[in-house]
Amino acid sequence: MRKQKTFYITTPIYYVNDVPHIGHAYTTIAADVLARYKRLRGYETFFLTGTDEHGQKVQQAAVKQGLDPQAHADRMVTAFKELWKRLTISNSDFVRTTEDRHKWIVQYVLRELKDRNLLYQAAYEGWYCLPDERFWAGNEVVDGKCPECGRPVEHISESNYFFKMSAYRDRLIQHIRKHPGFIQPESRRNEVLGFLDRPLEDLCISRPRARLSWGIPFPFDPDYVTYVWVDALVNYISVPGYGSDDRRFKKWWPADIHLVGKDILTTHAVYWSTLLMALGLDLPKTLFAHGWWTVNGEKMSKSLGNVVDPNAMAAEYGTDAFRYFLLREVPFGQDGDFSKQAMTGRYNSELANDLGNLFSRTLTMIEKYSGGAVPKPHPKAVKADDRRMAARAGKLYKSVGGEMDRFAFHRALLEIWTLVDSANRYVEQNAPWDLAKDPKKRPRLDTVLYHLAETIRILAIYLFPFMPTTAQRMITEIGSTAQLDHALKPWDYQWGKLKPARAVQKGRPLFPRMEAPATIPKQETVASATLSKEIRMESTQTEPSLITIDDFRKLELRVGRVVTAEKVAGADKLLKLSVDIGTETRQIVAGIAKKYIPEELIGKSVILIANLKPAVIRGIESRGMILAAGDKEVEALATFIEPVQPGLRVK
RNA sequence: GGCGGCGUAGCUCAGUGGUAGAGCAGGAGAAUCAUAAUCUCUUGGCCGGGGGUUCAAGUCCCUCCGCCGCUACCA
C-alpha cells in the first residue's frame, strides 16, 4: 500500500500582547488556503496555529490592567480563536504556550541541550533601561539614553544561560546554499545569508526570574525562566509529538512549511534552525516570509489609528471576499497596500462582475431555458468552442497546482480567472438566448448550458481553498452533492463529472455589488496624515501611543492665506512666506521649495500651527509651521476643499 | 557605513540579447441571459539619466540619481 501523503503547515504562534490585526489574519488565511488546497489534493494535512503567551510584554500588559498574566492571556486568546472561526480557518490544532503539553516539552528540550553540553552559564552584558525593563545593544543606545523613552540606561551584567549557537553557523550556511527552496522568497534567503556572513554569536536563552517571572521555568535551575523565543519556536515540534509520541512526530516532522512574516524571519532562519540542529532534528522543508500590509499607503500603527480590524472587514465585505483580496492583491512575499478603494475595486470587478455574474447568468439560463435542471449535453452538438472550454478547465489542474506549490497565490487566482473570463466569452459567443428561440437548436442549447454548469463546478473546486463558503455554495446550487472539504479523487477534477438532470437552486447573488467608497478628498487625507505624523513623534515617548483630545487641543491650528512667497537665498528647500491669519500676518520659513515655486502659492489657503515656538532658520525668524504631506520630501500642502476665511480655527 | 534589491503606460506590475506587454483606469461600439453585470475594438511608453559591449540592449557591463530591504538576543 502506498504511504499516505502528509503535509504539515504552521503559522507563527501569535503574541497575545496585541489584538489580532490584518497581519495576523493574512498569515493565517494564507496557511488555511494552503492547507485546504493540500487536503483537496489528497494530503493528510496538519495545520497548526496558536498563541505565544509568555514574556515581558505580556507580563507588563497584564500588570497594567491589574490582571494576572494568565488571565490576561486567556482573554486575548479568545479574540484570536473567534477571529479564526469567523475567517473559516481550518486549523487542526491550536496551541497555547501556557499549556502543560507544551511547557513540558520546552523543559525537555532544555534538558536535552544541557545533556548535549550545548549550554553554558555566562554574564550577559548590555545597556539596560530600568523603567522600560529592556536591554539595548550598544549601537542602539543614543548618547547613553534609551532610544525608546530617552531616559538614561545603565550598563549591567547578569548571569544567564547561553546556547552555543555560534557552532552551527557554517552548517547553516551550507544548508541554505544546498537547499535553494529552504528560505523563500529568494531575496529573503539572500538577507539571511548576508546576516550569516558576519560572526554569529551564542544566544542568551534564559532570563533571571527576579527580573521576569512570566515564563517557563528552567528545569535544572529555578532562578531562571526560558527566553520567549525558544519557548515559542518549540511549539512546532512539541505539538506533533516531539519528546512524547515518536510515531506521531515522525509522521509530521519535518514540517513542510513554516509561514512567517518578514519581521520574524531571522529568528526562524537562524535561532530555530540552529536549535533543531542542536537537537539532531531535520530542518523544516520551507520557511516562507511574507510581506506586510500598509493602509492607504501608510504604515499601519496604533498611533495613526489606521489598524485594519479583520473582523470589521469580514463583516463589511464578507469573509470570502476579504480572503480573496488579501491573496489576490499582492504577490505572496511582497508588501502590499490595503485600501477600501482597492478592496471594493476587486470585489466589484472580479467577484461581483466576473465570477458572481457568470454564476448568476448561468443559473438563470438553466432555469429559463432548461426547466431548472442541468441539461444533458448532446455529443453530436459539441463544437470546437466547447472542447476548448473543456481543455482550458483541464489545464488548471497543473497550472493552478504549480502556482500553489510555489506559494504564488495571486498567480493561481489569475489562472483560475482565465477560466472565468473564457466562460463569460463563451456565453456571448454562443448566445443561448438566441438558441432558445429555435426549437431545432435544443441539442445545441443543452450542450452549451451543460458546458457552463460544468465549468462552474470545476471553478468551485479550484476556488475552494480561497473562498470555501462561496465555492461550496456554487457546487450545491449547481446541483452537485460534492463536499469540498474532503479530498477529491483525481477524476473529480476531470471534465464531464457533473451529473445532468439535477435541479439547480439559485440563491442570493454570490457577491452583491457594492458602492465604491467615496474617494477621500485629498486635502483631508493629507491633513490627517501630516497631523498624525506630529502626533507620532510625541507618542513614541509614552507607552500607550494614543493621545487624548486635550493633547490635540494644545495645537492651535488656523487657516492662513499666503500673501507673499520667495526663495531663501542659499537654501534649495526653503521658502520664506508671509501668511495672513486674520489677526496678523506671520512670517514663516517652510521647507517646500522643491515642490512649489513661490508664485503659485500666493493666495492659497494653508493650515498653520499658530502656537509653535518661533525658530530661526537660516537667520530668518519663522513663527509657525504649515502642514504638508510627505515623509522626507514634501509631497503636497494641506489645504481646504471650500474657500475659508484666514484666521479660522482648524479642529 | 556594509550587503542586497528595485526604477517599464495615469496606477499596479510582467517581460529568456532579436518588432515593448497585461490588469485596472480612459475612449468607442455590440448584445440583452445576468448583480448595468458582459463582449469586441481602442488611446496611451526618451523602459530613471549618462556612457560602454554587441550586427542588435528594457535585458549584459560601468557610472550617476532616486526609492526600498537586511544589519539578531522586546515579541
Side-chain angles (χ1 to χ4, degrees), chain A residues 12-18 52-58 60 124 126 129 132-137 139-140 148 160 162-163 165 185-207 212 227-232 261-267 269-271 291-292 328-331 334-337 341-342 345-346 348-369 410-411 414 417 421 423-436 448-449 452 506 508-514 631-633:
Chain A
I13 48 177
Y14 303 113
Y15 204 53
V16 292
N17 185 39
D18 206 3
D52 180 9
E53 308 184 5
H54 292 119
Q56 196 163 286
K57 294 218 164 173
V58 169
Q60 281 171 352
Y124 182 94
C129 173
D132 278 2
E133 299 181 20
R134 232 202 105 152
F135 273 98
W136 296 98
N139 57 4
E140 289 174 316
E148 198 166 286
N160 267 310
F162 285 77
F163 160 55
M165 184 162 74
E186 199 186 339
S187 58
R188 299 291 164 201
R189 174 176 181 260
N190 292 336
E191 278 178 17
V192 174
L193 283 171
F195 179 92
L196 289 169
D197 268 344
R198 306 185 314 140
L200 184 64
E201 309 209 343
D202 290 339
L203 183 67
C204 175
I205 62 160
S206 69
R207 296 293 181 265
L212 174 67
Y227 170 45
V228 235
W229 263 115
V230 173
D231 172 352
K262 63 179 183 182
D263 52 323
I264 53 172
L265 175 63
T266 310
T267 39
V270 182
Y271 301 178
W292 277 34
R328 172 64 185 81
E329 177 72 357
V330 175
Q334 291 185 23
D335 289 347
D337 184 55
Q341 279 88 341
R346 289 210 184 272
N348 279 337
S349 89
E350 291 159 20
L351 295 179
N353 297 356
D354 295 348
L355 177 66
N357 185 51
L358 170 68
F359 185 70
S360 172
R361 68 201 306 208
T362 301
L363 288 195
T364 301
M365 288 189 286
I366 290 173
E367 282 177 347
K368 264 194 178 161
Y369 307 138
H410 77 296
R411 298 183 71 121
L414 277 169
W417 248 253
D421 293 339
N424 273 320
R425 261 198 308 278
Y426 178 86
V427 173
E428 299 297 325
Q429 281 160 7
N430 291 286
W433 48 92
D434 284 338
L435 297 172
V448 168
L449 292 181
L452 283 169
K506 188 179 180 188
R508 304 283 308 148
L510 295 180
F511 301 102
R513 274 183 68 81
M514 304 190 76
D631 213 354
K632 281 177 190 153
E633 293 293 339

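When reading the values below, keep in mind they use all heavy atoms of this one structure, side chains included, and skip hydrogens, waters and symmetry mates.
- Nearest nucleotide to the Asn190(A) side chain, out of U71(B), A34(B), G4(B): G4(B).
- Distance noted for atom C1' between U54(B) and C60(B): 10 Å (whole Å).
- Residue contacts shown for Asp337(A) are absent, as no nucleic acid heavy atom lies under 4.0 Å away.
- With respect to Arg346(A) and Glu329(A), a salt bridge is recorded, a charged nitrogen being found less than 4.0 Å from a carboxylate O.
- Taking side-chain N and O atoms only, Asn357(A) has no distance below 4.0 Å to OP1 or OP2 of U38(B).
- Separation of the C1' atoms belonging to G18(B) and A56(B) is 7 Å when rounded to the nearest angstrom.
- In this structure, the side chains of Leu351(A) and Leu510(A) stay at 4.5 Å or more apart for every pair of heavy atoms.
- For G23(B), the paired nucleotide is C11(B), the pair qualifying as Watson-Crick or G-U wobble because both relevant distances are below 3.5 Å.
- Here Arg513(A) lies in heavy-atom contact (under 4.0 Å) with a base.
- Of the candidate nucleotides C33(B), U71(B), C74(B), U71(B) has the atom nearest to the side chain of Phe195(A).
- Distances were taken from every side-chain heavy atom of Pro509(A) (C-beta onward) to each of U35(B), C73(B), U38(B); the shortest belongs to U35(B).
- Note on Phe511(A): a base of the nucleic acid sits closer than 4.0 angstrom, heavy atoms only.
- In the set U38(B), C74(B), C33(B), the nucleotide with an atom closest to the side chain of Tyr369(A) is C33(B).
- Across all strands shown, A34(B) forms no Watson-Crick or G-U wobble pair with both key distances under 3.5 Å.
- Comparing the C1' positions of A28(B) and U43(B) gives an interatomic distance of 10 Å, to the nearest angstrom.
- Considering only the side chain of Thr364(A), C33(B) comes nearest among C73(B), C13(B), C33(B).
- Note that the CG atom of Leu196(A) and the OG1 atom of Thr266(A) stand 9.0 Å from one another [nearest 0.5 Å].
- Candidate nucleotides A34(B), C33(B), A37(B) were compared by shortest atom distance to the side chain of Asn353(A), and A37(B) ranks first.
- Contacts of Leu363(A) with the nucleic acid, taken as non-hydrogen atoms under 4.0 Å apart, are absent.
- For Glu191(A), whose side chain is taken as the heavy atoms from C-beta onward, the closest listed nucleotide among C70(B), C39(B), U35(B) is C70(B).
- For the pair Asp202(A) (side chain) and Met165(A) (backbone), a donor-acceptor distance under 3.5 Å is present.
- Using a 4.0 Å heavy-atom criterion, one finds that Leu414(A) contacts no nucleic acid atom at all.
- When the C1' atom is used for both G7(B) and U59(B), the distance is 14 Å, rounded to whole Å.
- Across all strands, Gly356(A) comes closer than 4.0 Å to base atoms (heavy-atom distances).
- A sub-4.0 Å separation between OP1 or OP2 of A34(B) and a side-chain N or O of Lys506(A) is absent.
- Contact annotation for Asn17(A): no contact, since no heavy-atom pair falls under 4.0 Å across all strands.
- Summarising the geometry, atom OG belonging to Ser206(A) is positioned 10.5 Å from atom CG belonging to Leu212(A); distances are rounded to the nearest 0.5 Å.
- Pair check for G69(B) finds C3(B); Watson-Crick or G-U wobble, both atom distances under 3.5 Å.
- For the C1' atoms, the distance from U8(B) to U71(B) is 31 Å, rounded to whole Å.
- Remark: the Glu201(A) side chain and the C73(B) base include a donor-acceptor N/O pair separated by less than 3.5 Å.
- Using a 4.5 Å cut-off on side-chain heavy atoms (C-beta onward), Trp292(A) and Asp263(A) make contact.
- For Lys368(A) against C33(B), a side-chain-to-base donor-acceptor contact under 3.5 Å is absent.
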inquiry  = Go through it in stages, so that I can follow the logic: the residues are Leu452(A) and Arg361(A), the test is side-chain contact (heavy atoms from CB on, under 4.5 Å), and I'd like the CA-CA distance, side-chain angles, deciding distance and then a yes or no.
reply    = CA-CA 10 Å; Leu452(A) 283 169; Arg361(A) 68 201 306 208; over 6 Å; no
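- Minimum atom distance to the side chain of Glu428(A) is reached by C39(B), of the listed A72(B), U35(B), C39(B).
- Between A57(B) and G23(B), the two C1' atoms lie 27 Å apart (nearest whole Å).
- Side-chain proximity of Trp433(A) to A72(B), A31(B), C73(B): nearest is A31(B).
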